[in-house]
Every structure is written in structure tokens, then in C-alpha cells.
Amino acid sequence: MKKYTFYFLLCMLPLFFLNVNTTHNWGDDFAQYIHQAQYFAKDNNYHQWHFESNPLDREYAPPSYPNGFPLLISPIISIWGFAVKPILLLITTLLIAWLWVIFKFLNRYTGSAIALCITLICAYHHYLVDFKQFMLSDIPCALFCSIYLYQRTKEHVNKQSIIWASLALGLAFIIRSQAIVFLGAEALFFISQYLKNKQTFSFKHALLNPFIIGITCLLFYLISNSVGPQHTPSSLGFYKQLYTQTQHTWSFIILDNIIYLGTLLPSFFSGWAFDQHLQLLYTLIGTALLGVSLYGFLKSWKASLLDWGFICMLILVLITPVHQGLRYLFPMWLPMLYYLLSGLQAIKRTFRISLLNKKMATVACVLFIAMQYDTIEGATHNNDMGWSPYAKNDTQALDFIKTTVPDTSLILFSKPRALSLYTGKRTSLLAEQSSLSENYNYFKTNPSYFVLVRKELTSPYYINYVNQYKGSKDSVQINNFFTLYHLY
């Protein structure tokens, strides 16, 4: 095992040189995390944040995020301030820790060499290599969800396993709230155990582990909220609005998400390339492996905690009105890989075809990483400069806003949290699910305000909002990419 531990660490080292940049793109979630981390780091820039949420908006983002990830990066903010590279190095370290859990988990069901090959395929998966350049909570959440599943699904679960599982799920829950689905998995597992063993079932013994895990999650939640900002608006209203005030019927949302999953899941098992013919081949391979995984799910179903965790996460994806991408499925990677292994083993038993051996795994690993060439090559240099607050046109626009727009004036922009982080100005956004007139009525309390439009970033809704505005307006073209409109 020591030999494979060395191989694992050696193979993970290149990740520290892929997409660990000094800049970040215009993605907006990271700004909220940085702002909350500045509070814990006692950074004075925390008070320069003036983002105002739009109550008409149902999909953009909650007014605050769980405090776990901001707490995690706050020591970096304390030492270096808002510096992108140290945070990405931390995320890369957490990614490698997650991959180590995947390796250990797979090693339960197959040999070390095969487990290492599958883990390497995960490590250099095009989506993970690309995603690790973002300062987001998904990778830390996936790490702690995987530790929880690893400990909770041991053949012999002891007190130590439950303690580790409880702590891991508690941390996952305060990092990203989607981890709450595993409490649902605990409840379904309890019910299924009762239905399976009615005659010999002991409620006291069966309830103990879920009770400890649930209480731990509750304590982490209460402590996390108590140490965070006390006057932050609750996110519960946003989620209530998201799930109850939908534009479509539930049948439409679920059907749409089923179709979406049908296009998303094959990418879990496939590569990515610029060449369309290669991409078609990768998609076919991904679809075939997805079929094997689903076959493994059917063959290995035992109503286990792993199974119920997979089902609960799937249900969450199906009922969520907005698409989150493959990152929303990160906590499902352990079950998905387990079902893939089970499917390959079931094919061997049924059809006498061995697709799972050391040579096949090594060849598949080498070929798969070669398939990721376009992604890996691109990750060796900074790709953000064309679509980033750090690009020349963008820094020029930000400097213009900082020196020209009064601090009391409101700026509407499609990335308002990032704009407030970089300029310290009052910012908000248009609710694109609402009508133009509803937005006009909401913002008319401001005697005058600004609308910022960036080429290749701002949606046409903002242009329509400006064009159909009935009051007075003027504009200034900051550069070829940015135009600032003044409405009054």
C-alpha cells in the first residue's frame, strides 16, 4: 500500500501547476465567499461591500452563503488579503485530499492498481481540471461528503467511524447546504432497515447513529451561524421563493431536468476536445460507460446508505428549477464510481467478458488522460485574461467607475457582487424572470442610477431595459467593451 501511496502523490503533483492562476474570471459566486471571508479575517475591505439583492429575482443567488467555506479561506485573507493564487492552492490541496478518499474507497472493491488508475482518470477529468480554477465551495463540500460516505459505508461501522462521519457531514453542511440530502438518506436507510428486518429490528440501536449525525450537523449549523455576521438577511426566503414561485409546472421542471441529466451525465465518463469528431467519440464512450454504471446500480442495489444517498442527490437535482452543472453532482462521484465497478463486475459474471483488470485499467487511464490533452494544455497557462476583471479593458472600466460614479449611486450589472468587490460601489442586478415594468417600479425609488453593460457578458435584457426606459438617460462608452448608462 505504501508503494501506491507514493504513486498517488507523485501523480497528483502536476495538479498544483494546472489552473492555479493569479486572476479570476467574471464568475460572481466567488465574490460573495470573499466578502464573507473578509468578515472572519477582520479585513477592513469587508465594509466596502455594498451589494443589494433584488427581491424580484428568484434564481440569481441567496443573499448569503453558508459560513464554512469563508471560514476555511479566512486565514488566507488575513495573511495575503484578497489573493487568488493562495486560495486556488488550498482548493487544489483539498481536491487531492478528495481524490485520496476516492482511491481508498475504490480500493475496498478492487485492487490498488485499478483503484489508482480510476482515481487518476478522475483527477485529470476535463471538468475537474477546469473547475479547480474557481474559488467555489463545491470541491471542499465534495471532500467532506466523500469522507462521510467512506466512513459511514464501512462493512463494520464502529464509534470512531460514526464520529468521523458526523464531523465530516457537519462540515459539508456548513460549506454547501446541498449536503443536507444525506440526512434524508439516513432517514430512508433507517426506514428500509426497519421494513427489511421488522421481527428483529431494534429502534434504539438503529436510531443512535443517525441521531448522532443529525445532532452534529445541527450543532455545526448553529455554531457557524453564531460566529458569522449577525445582520445578514436569511437565505431561507430565497430558497422558498426558488422552489415555490417557479415559472413552470413541476412536471415541466422534472422533465426538463431529466433531459438535462441525460446530456450531463455522459460527460462524467468522457473527455473533451476542440475537434468535433473526437468529441462525438468521447460522448459515445461516456454514454456507454454511463450505461454500464446504471446496469451496476440495478445489479448492486441493496437499499444501502450509499444507494439512498445517490437517490436523494438525484431527487434534489431533478426538483431544482435551475441547472447547476456537473459540480452539483460532485457528492455523487463515490456512488457513481461504485456502480461503474459493480457494472463491470456484473458484465464479467454474466457474459464472461473481463473488462476490469490491471492491464485494461492502465491502458484506459493513459488513453483517457491523453483525451484530456486540450484541457490540460490550456490549464498550463492563464486563460482568464479575455473574460476577467483583470483584463486591460476591464481594469480600465473598474478604475473609471471607482473615480467617476458617486458612492451613493446604484449600479445595475449582471455580475453585481464582483463589481462591488472590485469597486466598493452600491450594486444590484435586474430580475430577468420579472417584467421590465416590475424592475422599473422597484428601482424608481432611486432618483438616478446607472446600468453597466459589458460586451460578451451582459444579457440582452439589460440593453432592452435601457432602450425602453421612459425617463432621461445619457451614456459614456468607457472602451470597446464597456458602456455605462445613466438613468434619471
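Residue numbers count from 1 along this sequence. Model, not experiment: these values are computed from the prediction. The figures here come from the full heavy-atom set of this structure, side chains too, leaving out hydrogens, waters and symmetry mates.
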_As a quick check of understanding, evaluate side chain to side chain contact (heavy atoms under 4.5 Å, CB included) for Leu18 and Thr380, giving each step before the final call._
CA-CA 5 Å; Leu18 301 178; Thr380 58; 3.7 Å; yes

_Residues Leu120, Met12; criterion side chain to side chain contact (heavy atoms under 4.5 Å, CB included); working and verdict_ = CA-CA 8 Å; Leu120 286 178; Met12 295 301 145; 3.7 Å; yes

*Please report the C-alpha distance between Trp164 and Phe144 in whole Å, then the side-chain angles of each, then the deciding distance to 0.1 Å, and finally whether the ring-ring contact (aromatic ring centres under 6.0 Å, His included) criterion is met.*
CA-CA 10 Å; Trp164 281 113; Phe144 292 112; over 10 Å; no

*asked:* Working note: Phe269 + Thr287, criterion side chain to side chain contact (heavy atoms under 4.5 Å, CB included); need CA distance, chi angles, decisive distance, verdict.
replied: CA-CA 8 Å; Phe269 298 102; Thr287 304; over 6 Å; no

*Decide side chain to side chain contact (heavy atoms under 4.5 Å, CB included) for Ser166 and Ile162; before the verdict, give the C-alpha distance in whole Å, the side-chain angles of both, and the deciding distance to 0.1 Å.*
CA-CA 6 Å; Ser166 301; Ile162 292 300; 3.9 Å; yes

*Go through the steps to decide whether Tyr148 and Phe182 satisfy the test ring-ring contact (aromatic ring centres under 6.0 Å, His included), and finish with yes or no.*
CA-CA 9 Å; Tyr148 158 76; Phe182 290 110; 5.4 Å; yes

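Looking at heavy atoms from C-beta onward, Asp394 lies out of side-chain contact with Phe481 at the 4.5 angstrom threshold. In this structure, Phe82 and Met135 have side chains that are in contact, with non-hydrogen atoms separated by less than 4.5 Å. Side-chain contact check for His126 versus Val129: every heavy-atom pair is 4.5 Å or farther apart. Residues His323 and Leu264 have side chains not in contact (no heavy-atom distance under 4.5 Å, counting atoms from C-beta outward). No side-chain heavy atom of Phe173 sits under 4.5 Å from any side-chain heavy atom of Leu183. Within the 4.5 Å cutoff, the side chain of Gln279 has no heavy atoms near those of the Leu284 side chain.
Ring centroids of Phe201 and Phe190 are separated by less than 6.0 Å, placing the two rings close together. Two rings, from Tyr124 and Phe368, have their centers 6.0 Å or more apart. Taking the ring centroids of Trp100 and Phe105, they lie at or beyond the 6.0 Å cut-off. Annotation: Tyr7 is in aromatic contact with Tyr4 [ring centroid separation under 6.0 Å]. Ring to ring, His24 and Tyr390 are not that close: their centroids are 6.0 angstrom or more apart. In this structure, Tyr33 has its ring center under 6.0 Å from that of Tyr65.
Using a 30° and 60° split on the angle between ring planes, Phe330 and Trp98 fall in the tilted class, from 30° to 60°. Below 30°, between 30° and 60°, or above 60°: for His35 and Tyr46 the angle between ring planes is below 30°, a parallel geometry.
Counting heavy-atom neighbours within 6.0 Å of Lys154 NZ, excluding the residue itself, gives a total above 12. When the shell of 6.0 Å around CZ of Phe211 is examined, it contains 12 or fewer heavy atoms from other residues, nucleotides or ligands. For OH of Tyr194, the number of neighbouring non-hydrogen atoms (other residues, nucleotides, ligands) closer than 6.0 Å is 12 at most. Within a 6.0 Å sphere centred on OH of Tyr295, other residues, nucleotides and ligands contribute more than 12 heavy atoms.
For Ser146 against Val101, the heavy-atom pair with the smallest separation is O-CG1, 3.6 Å. Minimum heavy-atom separation, Thr263 to Tyr260: OG1-O, 2.7 Å.
The main-chain N or O of Ile253 is never found under 3.5 Å from a side-chain atom of Asp256 such that the two would form a donor-acceptor pair. Checked by atom type and distance alone, the side chain of Tyr243 never pairs as donor or acceptor with a backbone atom of Ile319 at under 3.5 Å. Within the 3.5 Å criterion, the main-chain N or O of Asp130 finds a donor-acceptor partner in the side chain of Gln133. Put simply, the side chain of Asn257 never gets that close to the backbone of Pro321: no donor and acceptor are under 3.5 Å apart. Panel note: side chain Asn21, backbone Thr23; no donor-acceptor pair is recorded below 3.5 Å. When atom types are taken as modelled, the side chain of Thr395 and the backbone of Lys392 share a donor-acceptor pair closer than 3.5 angstrom. With Thr92 contributing its side chain and Leu88 its backbone, the two residues share a donor-acceptor pair below 3.5 Å. Here the side chain of Asn19 pairs no donor or acceptor atom with the backbone of Lys132 at under 3.5 angstrom. In terms of modelled atom types and a separation under 3.5 Å, the side chain of Asn107 and the main chain of Ala115 share no donor-acceptor contact. Judged by distance alone, with hydrogens and angles left aside, the side-chain atoms of Ser293 form a donor-acceptor pair with the main-chain N or O of Met336 at under 3.5 Å.
Side-chain contact check for Asn225 and Tyr221: at least one donor-acceptor pair (N or O, by modelled atom type) lies under 3.5 Å. Between the side chains of Trp308 and Ser192, at least one donor N or O sits under 3.5 Å from an acceptor N or O. When only modelled atom types and interatomic distance are considered, Gln36 and Ser64 share no side-chain donor-acceptor pair under 3.5 Å.
A ring pair (Phe, Tyr, Trp, His ring centres under 6.0 Å) with Phe268 holds for exactly one of Tyr328, Tyr339, Trp333, Tyr127; it is Trp333.
Looking at Glu155 and Arg108, no side-chain N of the basic residue comes within less than 4.0 Å of a carboxylate O on the acidic one, giving no salt bridge. Arg176 and Asp138 are joined by a salt bridge, as a carboxylate oxygen and a charged side-chain nitrogen come within less than 4.0 angstrom of each other.
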